[in-house]
Amino acid sequence: MRSELLQMLLDHQGNFVSGEAISQHLGCSRTAVWKHIEELRKAGYKLEAAPRKGYRIIHQPNLLTENEIKAGLKTNYIGKHVVYEKSVSSTQEIAHRLAREKVAEGTIVVADEQVGGKGRLGRAWFSPIGTGIWMSMILKPKIPPQRAPQLTLLAAVAVIRGIHAATGLHCDIKWPNDILLKGKKLVGILTEMQADPDQIHSVIIGIGINVNQKNFPDEIKEIATSLSLEKGEDVNRALVMQSIMAEFEQLYELFLKDGFLPIKQMWEAHATTIGRRITARTVSGAIEGFAKGITEDGVLLLEDDFGTIHKIYSADIDF
Ligand code: BT5
């Protein structure tokens with residue numbers, strides 16, 4: 001109910017909404033409305049209450065709790081169930097547990113801080129409190145397990161489009177899972193799954209987005225950036241998240257209906273990796289060559305100087 005109240009106040013963009021209108025809309029008493037208003041105040045909202053006029057929002061804190069995410073969310077199932085935690089080790093771990101407990105498809109786990117945020121191959125993902133979007137999405141696609149990596153690419157397209165819709169900023173994709181803003185890493189995506197050899201139980205897509213950081217630790221300060229560093233002002237995290245979820249749901253529906261091809265084309269339009277000379281550092285060594293494109297499965301095709309085409313399933317890319 002609190003997210004509906006919030007949505008109503010936000011929809012009025014700083015104008016007053018009468019207590020009567022709110023109580024009718026929510027189907028609760030005026031006293032209950034007042035209690036919800038007090039709860040919003042405790043959460044950091046500045047609300048003005050005026051006799052005969054009602055209530056209006058003066059200041060919205062940059063929160064990512066269930067209320068903020070649901071108020072204004074335009075999806076059918078992605079993000080309809082939100083599990084918010086203030087501080088966790090990794091949202092991936094919680095999502096894995098929930099997936100085993102058979103929660104609904106589209107459930108999102110989001111945290112204000114991760115103290116054990118994970119990248120690929122056991123690397124750490126820096127996730128300081130209150131600054132970024134650290135989220136994991138639970139999907140249950142009826143596709144063979146070998147197609148799961150396509151969802152990483154789909155997520156990258158959804159994030160790029162969502163960020164553009166919410167902020168106007170244009171980002172690029174670096175195969176397979178990085179999103180760059182002016183050449184620096186803005187977003188990391190980690191796809192994991194629970195599956196038998198021939199059947200997926202769930203795919204967990206972890207997305208980490210630097211939103212309002214003003215600085216980074218020494219190890220990554222040369223390679224990382226945030227939305228606010230680029231915009232020169234703080235960015236509302238809930239709006240970015242809602243926008244990404246809406247894009248994701250549309251693309252995911254398209255993917256389930258028409259397959260990977262339309263997603264692949266969108267991905268290619270945003271990819272900086274393709275058509276360039278790159279070095280792919282894989283677990284079995286580095287290969288230099290020309291990035292020709294990706295296959296239907298999202299595998300990178302790299303042509304070395306002898307004309308041999310290598311299929312790269314997982315690697316770090318240097319330009
Ligand atoms: C990734 O791994 O880029 C995937 C990151 C996924 C993070 C999300 S957050 C929500 C969910 N819960 C989790 O625990 N994880 C997911 P990889 O390609 O391996 O990149 C890791 C490397 O990126 C590190 O070794 C650093 O060099 C760099 N890095 C770490 N934190 C960063 C940050 N906040 N911004 C930019 N670069 C970062």
Side-chain angles (χ1 to χ4, degrees), residues 64 69 79 82-99 107-139 149 151-153 155-156 158-160 162-163 171-193 202-230 235 237 240-241 244-245 248 272-273 278 280-283 298 300 312-318:
L64 264 197
I69 294 166
V82 174
V83 176
Y84 164 79
E85 303 281 349
K86 191 148 188 64
S87 180
V88 294
S89 175
S90 157
T91 55
Q92 291 293 96
E93 286 162 18
I94 299 179
H96 274 292
R97 178 168 50 74
L98 292 174
T107 296
I108 302 265
V109 182
V110 61
D112 243 332
E113 173 188 50
Q114 295 186 119
V115 291
K118 301 193 293 180
R120 292 175 303 154
L121 307 168
R123 290 187 283 227
W125 182 258
F126 175 64
S127 324
I129 191 149
T131 53
I133 298 172
W134 323 125
M135 63 182 263
S136 298
M137 197 186 298
I138 301 170
L139 300 174
L151 289 168
T152 303
L153 306 186
V159 170
I160 291 243
I163 287 177
C171 307
D172 302 302
I173 306 174
K174 183 173 153 194
W175 183 89
N177 68 330
D178 289 355
I179 289 179
L180 308 181
L181 181 56
K182 302 231 169 108
K184 291 189 168 182
K185 186 155 170 172
L186 179 76
V187 179
I189 302 174
L190 174 68
T191 303
E192 298 176 315
M193 66 175 161
S202 57
V203 176
I204 317 279
I205 302 190
I207 304 177
I209 309 175
N210 299 324
V211 182
N212 288 325
Q213 287 102 317
K214 305 291 179 287
N215 43 52
F216 290 93
D218 284 350
E219 309 93 270
I220 57 170
K221 72 171 187 237
E222 302 298 330
I223 57 159
T225 191
S226 71
L227 291 174
S228 78
L229 281 177
E230 192 55 37
V235 172
R237 292 181 296 162
V240 173
M241 217 175 135
I244 290 171
M245 289 192 281
F248 190 94
T272 51
T273 327
I278 61 166
R281 298 184 196 287
T282 71
V283 278
L300 181 67
I312 311 288
Y313 291 88
S314 172
D316 286 313
I317 306 296
D318 292 332

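Counting convention: from 1, in listed order, for ligands and their atoms alike. The first residue in the sequence is number 1, and the count goes up from there.
- Remark: Lys185 does not engage Glu222 in a salt bridge, criterion side-chain N to carboxylate O under 4.0 Å.
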Review point. Between Trp175 and Ile312, is a side chain to side chain contact (heavy atoms under 4.5 Å, CB included) present by the stated rule, with each step listed?
Key: CA-CA 10 Å; Trp175 183 89; Ile312 311 288; 3.7 Å; yes
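- Using modelled atom types and a 3.5 Å distance limit, the side chains of Gln213 and Ser226 yield no donor-acceptor pair.
- Side-chain atoms of Glu230 and Thr225 include no donor-acceptor pair closer than 3.5 Å.
- Ranked by closest heavy atom to atom 24 (C) of ligand 1, the top entry among Ala124, Gly132, Gly119, Ser136 is Ala124.
- At least one heavy atom of Gly117 sits less than 4.0 Å from an atom of ligand 1.
- What sits closest to atom 8 (C) of ligand 1 on the protein, heavy atoms only, is Gly208 N, 3.6 Å.
- Among all protein heavy atoms, the one lying closest to atom 12 (N) of ligand 1 is Gln114 OE1, 2.9 Å.
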Practice item. Report the C-alpha distance between Asp172 and Lys184 in whole Å, list the side-chain angles of each, state the deciding distance to 0.1 Å, and finish with yes or no for salt bridge (charged side-chain N to carboxylate O under 4.0 Å, His left out). Key: CA-CA 10 Å; Asp172 302 302; Lys184 291 189 168 182; over 6 Å; no
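- Of the candidates Thr225, Leu190, Asn177, Ile179, Asn177 brings a heavy atom nearest to atom 1 (C) of ligand 1.
- Counting protein heavy atoms only, atom 25 (O) of ligand 1 is closest to Arg123 CD, 3.5 Å.
- Close contacts between ligand 1 and Ala224 involve ligand atoms 35 (N), 36 (C) [criterion: under 4.0 Å to a heavy atom].
- A pairwise comparison of heavy atoms in Leu153 and Gly298 identifies CD1-CA, 3.5 Å as the closest pair.
- Between Lys86 and Glu113 there is no salt bridge, since no side-chain N of the basic residue sits under 4.0 Å from a carboxylate O of the acidic one.
- Ranking the protein heavy atoms by distance from atom 37 (N) of ligand 1 puts Trp125 CZ3, 3.7 Å first.
- When the heavy atoms of Val187, Ile220, Leu180, Asn210 are ranked by distance to atom 27 (O) of ligand 1, first place goes to Ile220.
- Between Arg120 and Asp316 there is a salt bridge, since at least one side-chain N of the basic residue sits less than 4.0 Å from a carboxylate O of the acidic one.
- Residue Thr91 places at least one N or O, backbone or side chain, under 3.5 Å from an N or O of ligand 1.
- Between atom 3 (O) of ligand 1 and the options Lys174, Lys185, Met135, Arg120, the minimum heavy-atom separation is to Lys185.
- A donor-acceptor pair under 3.5 Å is absent between the side-chain atoms of Ser90 and the main chain of Gly117, judged by distance alone.
- In this structure, atom 31 (N) of ligand 1 lies nearest to the protein heavy atom Phe126 N, 2.9 Å.
- Close approach of ligand 1 to Lys118 is summarised as follows: ligand atoms under 4.0 Å from at least one heavy atom of the residue are 5 (C), 6 (C), 7 (C), 13 (C), 14 (O), 15 (N), 16 (C).
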